[in-house]
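Chain letters run A, B, ... following the sequence lines, proteins first and then strands; every chain starts at 1. All figures in this text were calculated on a predicted structure; none of them were measured in a lab.
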4 protein chains.
Amino acid sequence: MTGRSRGRPRDPQVDDLIMKAALELFVEQGVEGANVERIAKRAGVAKVTIYRRWPSSEALLVQALERARTVVPEERLWAENAGPSDERLMDSWVTTLGDPRYRAVLAQLIGSSTSHPDLLATYREQYLRPRRRLVREALAAGVDPEADVDIDTVIDMVVGAALYRMLVDPGEPSDRDYLAKLVHQANRLLGR
Amino acid sequence: MTGRSRGRPRDPQVDDLIMKAALELFVEQGVEGANVERIAKRAGVAKVTIYRRWPSSEALLVQALERARTVVPEERLWAENAGPSDERLMDSWVTTLGDPRYRAVLAQLIGSSTSHPDLLATYREQYLRPRRRLVREALAAGVDPEADVDIDTVIDMVVGAALYRMLVDPGEPSDRDYLAKLVHQANRLLGR
Amino acid sequence: MTGRSRGRPRDPQVDDLIMKAALELFVEQGVEGANVERIAKRAGVAKVTIYRRWPSSEALLVQALERARTVVPEERLWAENAGPSDERLMDSWVTTLGDPRYRAVLAQLIGSSTSHPDLLATYREQYLRPRRRLVREALAAGVDPEADVDIDTVIDMVVGAALYRMLVDPGEPSDRDYLAKLVHQANRLLGR
Amino acid sequence: MTGRSRGRPRDPQVDDLIMKAALELFVEQGVEGANVERIAKRAGVAKVTIYRRWPSSEALLVQALERARTVVPEERLWAENAGPSDERLMDSWVTTLGDPRYRAVLAQLIGSSTSHPDLLATYREQYLRPRRRLVREALAAGVDPEADVDIDTVIDMVVGAALYRMLVDPGEPSDRDYLAKLVHQANRLLGR
DNA sequence: GAATAAGCGAGACGGTACGTCCCGTCTTAGC
DNA sequence: GCTAAGACGGGACGTACCGTCTCGCTTATTC
């Protein structure tokens, strides 16, 4: 009885077009630029077609970001390469933090988080949390069990310092040398 | 000595009216409600009068919030109390980082930094840098000269972790307990 | 036969609302008061809705006034009454030239003709030319075929004189007596 | 006691600059363009300087137009040349009516006469009335005293026809041939 | 095969805010 | 006193998006 609903079914390709356009505009121009009017125009789609699927441009962006994450799953990469290590951790960070697009996305998300907290929340849950878990695995090996610190605080300090530089003081480099310093201090705290 | 510029000078009282109205609207209705049109109406002021002073409502809000800080400026506080200390450092942080308006401003600045980097730069130079200097003074006392770390990296890690929580994971509290943990780890790194 | 254009068709009732409001404001407050902002507000309509239909309040007023002519269209009147005559000609003129709104429109059109000649041209072709044709018919009856004049020049002189008074010397009346004088001279020239 | 008023006297050259700028802007861009702001800028003068001398841009334009008239006093020209005649009448008309600037001024004046009737009134009294008087003199010679017409009506018809062409139907030429036709018909009416 | 229902692009619609322009008034410094 | 400069409250401008709506057409399912 459930069966197909009556009438013409939605075209799944249209979903793709819309989310692609939404993401492009968001990266290029931020939340302001990623409004329904422009997304519709870029996707070659009627506004109604968007409103039929998502209640707001925010909801659309959330899903678009969710979807985009699945494209490059780093976790898998690491699994194929005999687990994480400090070296691989820094390889990953250098790539990510050096990418201006990465900075742009995170900056836009933070900027819009006052009015649209769901965007940032989605990103955090879908993107940041898994990576954090991997970082924890990488740092967990050889920790002094007596160390006067919980590992999450150390991660906060390392990741926080790196993001602080990238977001707040983009003039200062977040290069491998700097990241190495941070990891070195993390290891000191962890007694590794 | 160029002397007074020609023409009728700007009325400083008008600055007050505008920033007061902007702040009220921001607190009552958020960023969306604090637009130039409404600020002008509430302040009883022409829109042009606002545009003459600030390039956007965002920039206006930055200054309004900066000005509205009810906290006594840390510099003075410290000077009057025989220098900084870990306790006073944390008092100051708890006040600042616990203020949702502070978060909102910094988030907006980061969000707009792709298109308008000057806003963030100004804020960093005018606001963050002096405070960083004070933090360095607070942490410098009793540092182990043999410690395997430079103090700026430690500041990055402490401040970075605090801001990371506030900006990226606002669900987790940046309360005194958490800040105390950070300062404790900083002291471990510095051999204090 | 291009068929119906795509998209939601314009609501003809909205046209009515706008032109009604425009006319009211024009009559009440003159050209200055009949601006787009006020017309939109009085008509309960968005400004864009007006701009979609007319390029300026001026163009809107032209059409509104044209439409609002309470005079029964001369063509019909004459057809129903066995053709034009000097009397009916003057009836029509007295009504038209005595209407301050008619003067206002024509004055505005002439004033804007340096920068926007099309407005005046449209008005001339759509409004004036057909009426001129009727005047020619009215004057053609009983013309002395030997008269040393072409009828269009006579029309120029009669219409020109009437409009000259109305436009340039609005203090002097363009009343029935004056128009009668003009028609009388026209008849002398035409040998009627 | 009358004496000079105290303080620095007004610079009469400034009056010239202002009126010159006002007239230029009026001819180029019409009433809209001839606002105090632009006049002040073009004349290199403060707005206050204008408002001190004239209550409005309208009043300024009135005086500017009055003054401009005195530059080429046609009456005098005729006086020096042994009085007006049909030929000289037409010479004068051909020059005037063929000048696009003349058309522009009159069109602008008529266009603005709804809101600012004084402008047109001044022009009529200062410029048109004297010329009309001269035309009357030119046509008065040799009039049939028995003619069934008063001369002012004939002038209305001739001048009206010429202006009608120039203002309302600028596509049709107001050339010497056409003006000759008009004068010929005027002479017929006057029994000359 | 026809009827029905929903998808779809297009674009009208009432709103709100934008940033600019000009209004006429005012307040300053300098001559 | 008078100038140039420019701030000020006010109001209109024309444009951009908002979210809703109405249209003709298309596409799939159901009867």
Side-chain angles (χ1 to χ4, degrees), chain A residues 3-12 14 32-41 43-53 55-57, chain B residues 3-14 17 32-33 35-41 43-53 55-57, chain C residues 3-14 17 32-33 35-41 43-53 55-57, chain D residues 4-11 14 32-41 43-53 55-57:
Chain A
R4 291 284 281 280
S5 67
R6 302 212 301 173
R8 175 175 171 178
R10 290 187 185 160
D11 183 348
V14 169
E32 314 266 302
N35 61 58
V36 176
E37 203 102 14
R38 290 194 209 170
I39 294 169
K41 177 155 265 179
V45 144
K47 281 198 292 178
V48 153
T49 304
I50 296 178
Y51 281 116
R52 220 174 261 128
R53 291 165 160 80
S56 65
S57 58
Chain B
R4 200 68 170 287
S5 68
R6 300 215 292 179
R8 174 176 174 177
R10 291 188 187 161
D11 184 349
Q13 241 180 325
V14 169
L17 283 171
E32 315 264 304
N35 61 58
V36 176
E37 202 103 6
R38 291 193 208 170
I39 294 168
K41 179 153 267 178
V45 143
K47 281 197 290 179
V48 157
T49 303
I50 296 179
Y51 283 116
R52 235 177 243 128
R53 291 165 159 79
S56 66
S57 55
Chain C
R4 201 66 170 288
S5 68
R6 301 214 291 178
R8 174 176 173 177
R10 291 188 186 160
D11 183 348
Q13 241 182 324
V14 168
L17 283 172
E32 314 264 303
N35 62 58
V36 175
E37 203 103 6
R38 292 193 209 169
I39 293 169
K41 179 152 268 177
V45 142
K47 281 197 289 179
V48 155
T49 303
I50 295 180
Y51 283 116
R52 234 176 245 128
R53 290 164 161 79
S56 65
S57 54
Chain D
R4 288 284 283 279
S5 66
R6 302 207 303 170
R8 172 175 171 182
R10 288 188 186 161
D11 183 350
V14 169
E32 313 265 302
N35 61 58
V36 175
E37 203 103 14
R38 290 194 208 169
I39 294 169
K41 177 155 264 177
V45 143
K47 280 198 293 178
V48 153
T49 305
I50 296 179
Y51 283 116
R52 233 191 290 279
R53 290 163 159 82
S56 66
S57 58

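In this structure, of dG14(E), dA4(F), dC13(E), it is dC13(E) that holds the atom nearest to the side chain of Arg52(C). Checking dT26(F), dC17(F), dA4(F) against the side-chain heavy atoms of Arg8(A) singles out dT26(F) as nearest. The side chain of Tyr51(B) lies closest to dC18(E), out of dC21(E), dA10(E), dC18(E). Listed candidates were dC8(F), dC18(F), dC13(F). Nearest to the side chain of Glu37(C) is dC13(F).
Across all strands, Arg38(C) comes closer than 4.0 Å only to sugar-phosphate atoms, never to a base (heavy-atom distances). Val14(D) comes within contact range of no nucleotide atom at all, as no heavy-atom separation falls under 4.0 Å.
Interatomic distance, CD of Glu32(C) versus OG of Ser57(C), reported as 10.5 Å (0.5 Å rounding). The CG atom of Asn35(C) sits 9.5 Å away from the CD1 atom of Ile50(C) when rounded to the nearest 0.5 Å. Taking CG from Leu17(B) and CG from Asp11(B), the interatomic distance works out to 8.0 Å, rounded to the nearest 0.5 Å.
Taking only distance into account, the side chain of Lys47(D) meets the base of dG24(E) through a donor-acceptor pair shorter than 3.5 Å.
Annotation: side chain of Arg53(B) is in contact with side chain of Val14(B) (closest heavy-atom distance under 4.5 Å). By the 4.5 Å heavy-atom criterion applied to side chains, Val48(B) and Arg52(B) are counted as neighbours.
Between Arg6(C) and dT26(F) there is no side-chain N or O to OP1 or OP2 distance below 4.0 Å. Between Asn35(C) and the phosphate of dG11(F), there is no side-chain N or O to OP1/OP2 separation shorter than 4.0 Å. Proximity of Thr49(A) to the phosphate of dG7(E): no side-chain N or O atom is located under 4.0 Å from OP1 or OP2.
Atom pair Lys41(D):NZ and dA5(F):C1' shows a separation of 11 Å (rounding to whole Å applied). Nucleotide dC23(F) holds its C1' atom 13 Å from the CG atom of Asp11(C), rounded to whole Å. The CD1 atom of Ile50(D) sits 13 Å away from the P atom of dC22(E) (whole-angstrom rounding). Across the protein-nucleic acid pair, Arg10(A) atom CZ and dG9(E) atom P stand 12 Å apart, rounded to whole Å.
If Val45(C) and Ser56(D) are placed on DNA chain E by their nearest nucleotide, the residue sitting closer to the 5' end is Val45(C). Taking the nucleotide of DNA chain E with the nearest heavy atom to each of Glu32(B) and Val36(D), the more 5' of the two is matched to Glu32(B). Remark on DNA chain F: of its neighbouring residues Leu17(B) and Pro55(C), the 5'-side contact belongs to Leu17(B), judged by nearest-heavy-atom nucleotide. Each of Gly44(B) and Ser57(C) was matched to the nucleotide of DNA chain F holding its nearest heavy atom; the match closer to the 5' end belongs to Gly44(B).
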